[in-house]
Amino acid sequence: MALSMRRHTWRPLAWISPSVLLIVAVITLPAVRMAWTSLQSTDETGVGHGFAGLANYRRLFAEPALANVLSNTVVWVLLVVGGSIVIALGLAQLLNQRFFGRRLVRWALIVPWAASLVMTSTVWRYMLEGGNGIVNRFLMDLGVISAPVGWYQDPRYAFWSVVAVGIVVTVPFTTYVLLSGLQAIEPQVYEAGKMDGAGPWKAYRHITLPLLRPALVIATILVTIYVFNSFPVIWVITGSNPGNFSDTTVTWAYKIAFRQQLDTGEGAALSVFNVLLLIVVVLLYLRAVNADRDQQTRLGRTWAAVSEWFADRWGRGPQVRPVSPAPARTRRKIWPSLRPVVLPLAGLVVAVFFLAPYAVMFLASFKDGADLYAVPATYLPQHWVWSNWTNVWHVLPLTSLLRNSLIIAVASTVLVLVVAVPAAYYTARNRFTGRAAFLNLVLITQVLAPVALVVGLYQEVVYVHGVNQYWAIIVVNAAFNLAFVTWIMNGQFAGVDLAIEEAAMLEGLGPMRRMLRIMLPVVRPGLVTALVFTFIQVWNEFVISLTVFNDPTHGRVTLPVGIQQLVGLNQTNYQYLFVASLIATVPVVALFVAIERHLVGGLTAGSVK
């Protein structure tokens with residue numbers, strides 16, 4: 001129930017107008033400008049020269065590379081989303097169990113999520129090197145391959161390599177969303193199922209999956225948007241390769257606009273196509289999963305048929321295949337004795353797998369050039385070069401890179417909290433005309449990722465003379481993190497008992513003082529989560545910085561961009577890049593670990609509400 005039913009239009013506007021203005025200025029206007037640019041004739045500098053109609057679209061659809069790029073995009077989304085969901089379902093089940101070392105395993109899963117994708121992709125690129133890559137060395141030692149493979153250089157393997165890396169870096173977020181859904185299921189439900197004779201498979205099918213449905217829907221939608229708009233993994237690992245054999249429509253649009261053709265009109269046309277395609281995909285998925293409990297759509301009927309087939313094969317109900325209770329009793333006797341060993345061992349395998357790239361990064365930071373490019377690769381440094389950690393400050397402009405990233409991350413976080421928290425508070429505690437429209441507007445911004453609007457964003461920043469200016473990139477980052485903070489804090493405020501605020505009203509406190517003095521202390525865990533998560537997102541941001549804040553001459557470069565620009569040279573000094581990456585990664589991972597418990601509960605709260 002809402003705290004207030006006032007209908008004065010000026011009062012809601014005072015609370016939500018800063019958010020609306022930020023969204024309109026940084027997201028809506030660039031989207032409109034991008035759509036308009038796609039209908040313009042432009043030169044190599046991006047300047048328009050009159051209306052061109054659909055010429056850019058005709059030129060786009062006549063591109064020889066289009067069919068392969070579209071095929072890559074479909075395969076990329078299906079495999080990375082599908083693979084991460086399937087793996088995350090198992091990992092979420094594992095992490096929902098109690099066993100020795102579970103907290104450490106969950107922290108290990110945090111690292112790939114908290115670390116910058118640019119830095120994670122950089123270490124994977126190093127590991128996938130041809131002759132001197134750790135992956136080749138490991139597979140050859142196991143006898144899986146007999147000769148080194150150019151995993152990201154060879155067109156036969158490059159795309160599949162980035163798909164594999166894409167799945168690995170997507171699994172942690174997906175796991176935590178599903179884990180939050182599992183932890184919301186009451187244990188009494190499973191006890192009732194056991195009393196009715198439900199075995200593990202039937203309990204999973206008839207209890208876990210239906211109750212996990214909201215989290216699964218949210219995970220699939222968010223991961224689809226995230227994967228479709230994914231840029232750093234493909235760009236860092238294969239972006240310097242000639243041709244388009246590993247491009248998706250997102251990376252190809254960037255190349256068309258800013259790297260290869262320098263054709264912002266055609267790049268804008270492909271970006272508009274990307275946004276429309278993503279919206280259609282999300283709408284089709286929502287329609288499929290929500291249509292009459294999965295029964296009125298082909299997808300639903302297929303799922304039901306597959307489920308029944310598995311139930312017939314492995315169901316343990318008496319109506320399917322009567323089974324003696326002896327095996328069940330045997331399993332119940334054996335599993336308790338195996339559980340203390342099997343679950344920690346499985347957790348150890350998971351932790352080692354997800355931490356392995358960062359262990360490689362750490363060890364490589366102590367190697368010299370000979371060790372880095374040794375053939376076959378060396379696991380440990382032959383000579384521990386401790387001086388890499390001091391020399392990096394002279395070899396790279398690390399102080400400048402860290403300072404720039406820190407300024408942008410802190411300022412963007414403060415701005416988004418100042419704008420989003422009041423809007424979240426007022427929409428959570430009041431009902432007013434336009435409330436639903438505002439919340440839907442905020443939600444839509446989740447679909448429009450920076451990389452999807454990069455052409456329009458660049459043109460707008462150029463128009464307001466904001467290229468390589470701190471204020472411009474701070475405002476843009478704040479706008480694209482507004483949705484997460486608004487939804488998280490909206491859910492936090494909505495969960496506070498109305499009696500607390502009503503007591504404050506009786507003492508004569510106005511809305512602003514109630515929010516600052518009463519509500520914010522109550523929702524402090526959610527506020528800290530929003531603050532830390534936003535800081536990390538901006539700290540690790542790549543595409544916006546690469547496009548509008550990229551001036552090495554005057555020291556206007558962020559850390560992720562600075563690291564990426566040194567990858568792919570004739571001889572990349574990976575040891576220094578890894579030192580810089582570790583310096584940048586350890587603090588944000590520590591922050592993420594600090595909010596991990598709150599993050600599990602908050603990931604789906606705002607979306608559900």
Side-chain angles (χ1 to χ4, degrees), residues 3 10-30 404-430 432 434-435 438-439 441-446 448 450 457 460-461 464 466 469-494 496 501 504 509-541 544-545 549 588 591 595 598-599 602 605-606:
L3 186 69
W10 61 267
R11 188 180 295 275
L13 287 176
W15 291 83
I16 69 173
S17 57
S19 295
V20 173
L21 289 175
L22 194 60
I23 291 172
V24 170
V26 180
I27 299 178
T28 305
L29 289 181
N404 291 336
S405 290
L406 185 61
I407 291 172
I408 294 169
V410 170
S412 299
T413 302
V414 171
L415 178 58
V416 74
L417 290 177
V418 169
V419 171
V421 170
Y425 163 73
Y426 196 82
T427 53
R429 311 302 280 187
N430 298 273
F432 56 89
R435 176 181 179 274
F438 169 73
L439 293 176
L441 176 65
V442 171
L443 188 59
I444 289 172
T445 64
Q446 288 287 78
L448 301 177
L457 280 170
E460 184 176 49
V461 172
V464 298
Q469 300 298 316
Y470 284 105
W471 66 265
I473 191 171
I474 288 168
V475 170
V476 172
N477 273 309
F480 281 99
N481 285 278
L482 184 75
F484 176 82
V485 176
T486 301
W487 277 103
I488 286 292
M489 295 309 299
N490 183 275
Q492 293 286 325
F493 285 128
V496 177
E501 199 168 359
L509 295 182
M512 182 59 71
R513 287 196 294 170
R514 291 202 303 271
M515 182 189 75
L516 295 176
R517 295 175 56 181
I518 306 299
M519 299 295 287
L520 286 182
V522 174
V523 300
R524 184 168 50 189
L527 183 64
V528 172
T529 298
L531 186 152
V532 173
F533 192 88
T534 303
F535 178 89
I536 292 173
Q537 289 293 101
V538 180
W539 178 267
N540 292 333
E541 190 280 321
I544 300 173
S545 302
F549 194 84
V588 296
L591 287 173
I595 66 168
H598 302 302
L599 196 61

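Just so you know, these numbers come straight off a predicted model, no measurement behind them. All values below come from the heavy atoms of this structure, side chains included, with hydrogens, waters and symmetry mates left out.
- Here the straight-line distance linking atom CD1 of Ile27 with atom CG of Leu457 works out to 8.5 Å at 0.5 Å rounding.
- In this structure, Val421 and Leu520 have side chains that are in contact, with non-hydrogen atoms separated by less than 4.5 Å.
- In this structure, the side chains of Trp15 and Thr427 stay at 4.5 Å or more apart for every pair of heavy atoms.
- With hydrogens and angles ignored, the 3.5 Å screen pairs a side-chain donor or acceptor of Ser19 with a backbone N or O of Val419.
- For the atom pair CD1 (Ile408) and CD (Glu541), the distance works out to 8.5 Å, reported to the nearest 0.5 Å.
- With values rounded to the nearest 0.5 angstrom, Glu501 atom CD is found 10.5 Å from Met515 atom CE.
- Across Ala25 and Pro30, no two heavy atoms sit closer than the pair O-CD, 3.5 Å.
- Checking each of Ser545, Ser405, Ser412 against Val538 for a side chain to side chain contact (heavy atoms under 4.5 Å, CB included) leaves exactly one that passes, namely Ser412.
- Here the CG atom belonging to Leu482 is positioned 9.0 Å from the CG atom belonging to Leu441, to the nearest 0.5 angstrom.
- For the pair Phe533/Leu591, no side-chain contact is recorded, criterion being any heavy-atom separation below 4.5 Å from C-beta on.
- If you check the side chains of Thr534 and Asn481, you find no donor sitting under 3.5 Å from an acceptor.
- How far CD1 of Ile488 is from CG of Leu531: 13.0 Å, rounded to the nearest 0.5 Å.
- Annotation: side chain of Phe535 is in contact with side chain of Leu406 (closest heavy-atom distance under 4.5 Å).
- To the nearest 0.5 Å, atom OG1 of residue Thr486 and atom CZ of residue Phe438 are 5.5 Å apart.
- Nearest heavy atoms, Leu516 versus Pro521: O-CD, 3.6 Å.
- By the 4.5 Å heavy-atom criterion applied to side chains, Val476 and Phe549 are not counted as neighbours.
- With Arg514 contributing its side chain and Ala504 its backbone, the two residues share no donor-acceptor pair below 3.5 Å.
- Taking every heavy atom of both residues into account, Leu417 and Pro422 meet most closely at O-CD, 3.8 Å.
- Counting only heavy atoms from C-beta outward, the side chains of Trp471 and Leu415 never approach each other to under 4.5 Å.
- Contact annotation: the side chain of Arg429 approaches that of Val496 to within less than 4.5 Å [non-hydrogen atoms, C-beta and beyond].
- A pairwise comparison of heavy atoms in Ala424 and Met489 identifies CB-CB, 3.7 Å as the closest pair.
- The two atoms that bring Arg11 and Pro511 nearest to each other are NH1-CG, 4.0 Å, heavy atoms only.
- Counting heavy atoms from C-beta outward, Phe480 and Thr445 have side chains that stay 4.5 Å or more apart.
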